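Read the structure below first, then the notes.
Keep in mind that this is a model prediction, so the values were computed, not measured. In what follows, residues are counted from 1 in the order of the sequence shown.
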Amino acid sequence: QVQLVESGGGLVQPGGSLRLSCAASGSIVSINSMRWYRQAPGKQRELVATVTGGGSIDYADSVKGRFTISRDNAKGGYLQMNSLKPEDTAAYYCNAVVYVTAHNTVNAWGQGTQVTVSS
């Protein structure tokens with residue numbers, strides 16, 4: 001079994017910063033790709049940031065230049081969020097493809113952490 005647990009969310013003023021963590025546990029050989037999604041009330045889940053198994057990184061246009069994704073191959077990953085805006089308010093979820101053996105992977109999701117940007 002693989003578990004992902006997000007932390008680091010909270011209430012922050014516009015212009016502030018938060019660092020989200022995604023801690024992985026269980027029968028993990030290594031983490032391949034990792035993604036962060038967010039979902040605001042009444043809206044569809046949105047892909048925010050991706051780091052592939054090869055290390056390529058991509059961001060949604062709405063967060064480029066403000067958010068930074070990183071990955072620790074065995075422990076999880078992070079999403080550094082700077083210059084936060086009210087429209088960044090959402091529940092944030094990490095998703096990872098995890099190697100549980102040398103050849104088998106599991107697609108795992110965390111339970112989410114709430115980020116609220118408000119003055």
Side-chain angles (χ1 to χ4, degrees):
Q1 292 280 25
V2 174
Q3 291 183 330
L4 301 180
V5 179
E6 300 98 334
S7 61
L11 174 64
V12 63
Q13 292 186 341
S17 298
L18 285 174
R19 189 188 195 211
L20 304 184
S21 299
C22 177
S25 62
S27 301
I28 297 170
V29 173
S30 65
I31 295 174
N32 185 11
S33 60
M34 176 169 282
R35 294 172 175 81
W36 285 90
Y37 292 80
R38 66 185 180 188
Q39 187 166 19
K43 294 187 177 181
Q44 289 188 334
R45 187 167 292 191
E46 174 190 17
L47 177 60
V48 174
T50 300
V51 54
T52 69
S56 297
I57 290 175
D58 195 21
Y59 299 97
D61 287 344
S62 58
V63 307
K64 279 181 181 176
R66 301 188 298 121
F67 288 15
T68 303
I69 188 172
S70 61
R71 177 194 59 192
D72 181 315
N73 282 350
K75 297 181 181 179
Y78 305 92
L79 185 68
Q80 176 68 41
M81 306 186 297
N82 299 327
S83 303
L84 283 161
K85 305 175 181 180
E87 51 264 43
D88 295 318
T89 295
Y92 284 73
Y93 300 88
C94 69
N95 164 248
V97 174
V98 177
Y99 278 98
V100 292
T101 70
H103 302 290
N104 295 321
T105 59
V106 169
N107 188 20
W109 285 87
Q111 83 291 346
T113 186
Q114 179 67 35
V115 171
T116 303
V117 184
S118 175
S119 54

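- Within a 6.0 Å sphere centred on CD of Q3, heavy atoms belonging to other residues, nucleotides or ligands number 12 at most.
- Looking at Y59, its side chain never comes within 3.5 Å of a backbone N or O of R66 through a donor-acceptor pair.
- Atom OG of S33 and atom CZ of R71 lie 8.0 Å apart (nearest 0.5 Å).
- With contacts defined as side-chain heavy-atom distances shorter than 4.5 Å, the pair I31/D72 does not qualify.
- Remark: N95 CG to N107 CG distance equals 4.5 Å, nearest 0.5 Å.
- Hydrophobic clustering, with ILVMFWY side chains joined whenever heavy atoms are under 4.5 angstrom apart, groups V117 together with W36.
- At a threshold of 4.5 Å between non-hydrogen side-chain atoms, the residues L79 and R35 do not count as touching.
- Residue S17 comes nearest to S83 through the heavy atom pair OG-N, 4.3 Å, listed as atom of the first residue, atom of the second, then distance.
- Counting only residues at least two apart or in different chains, disulfide (SG to SG under 2.5 Å) contacts with residues 27-91 are absent.
- The structure places OG1 of T52 at 8.0 Å from CD1 of I57, a figure rounded to the nearest 0.5 Å.
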When the side chains of residues 96-106 are checked against the rest of the protein, which donor-acceptor pairs come out under 3.5 Å, sequence neighbours left out?
| unit_1 | atom_1 | unit_2 | atom_2 | d |
| --- | --- | --- | --- | --- |
| T101 | OG1 | H103 | N | 3.2 |
| T101 | OG1 | N104 | N | 3.0 |
| T101 | OG1 | N104 | ND2 | 3.2 |

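- I69 and L84 fall within the same hydrophobic cluster, defined by Ile, Leu, Val, Met, Phe, Trp and Tyr side-chain heavy atoms under 4.5 Å apart, directly or through other members.
- The shortest side-chain heavy-atom distance between R38 and V63 falls under the 4.5 Å cut-off.
- Distance check: Q80 CD to S21 OG gives 9.5 Å after rounding to the nearest 0.5 Å.
- Checked by atom type and distance alone, the side chain of N82 never pairs as donor or acceptor with a backbone atom of G16 at under 3.5 Å.
- Rounding to the nearest 0.5 Å places CE of M34 at 6.0 Å from CG of L4.
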Taking distance alone, no hydrogens or angles, what donor-acceptor pairs closer than 3.5 Å link side-chain atoms of residues 6-14 to residues at least two apart or in another chain?
| unit_1 | atom_1 | unit_2 | atom_2 | d |
| --- | --- | --- | --- | --- |
| E6 | OE1 | Q111 | N | 2.9 |
| E6 | OE1 | G112 | N | 2.8 |
| E6 | OE2 | C94 | N | 2.8 |
| E6 | OE2 | G112 | N | 3.3 |

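- Within a 6.0 Å radius of CD in E87, other residues, nucleotides and ligands contribute more than 12 heavy atoms.
- Salt bridge status for D88 with K85: absent, with no side-chain N to carboxylate O gap under 4.0 Å.
- Residues W109 and L47 share a single hydrophobic cluster, defined by chaining ILVMFWY side chains whose heavy atoms lie under 4.5 Å apart.
- Taking hydrophobic clusters as Ile, Leu, Val, Met, Phe, Trp and Tyr residues chained together by side-chain heavy-atom distances below 4.5 Å, V2 does not share a cluster with Y78.
- Between Y92 and F67, the two ring planes are tilted [angle within 30° to 60°].
- Here the CZ-CE distance, from R19 to M81, works out to 11.5 Å after rounding to the nearest 0.5 Å.
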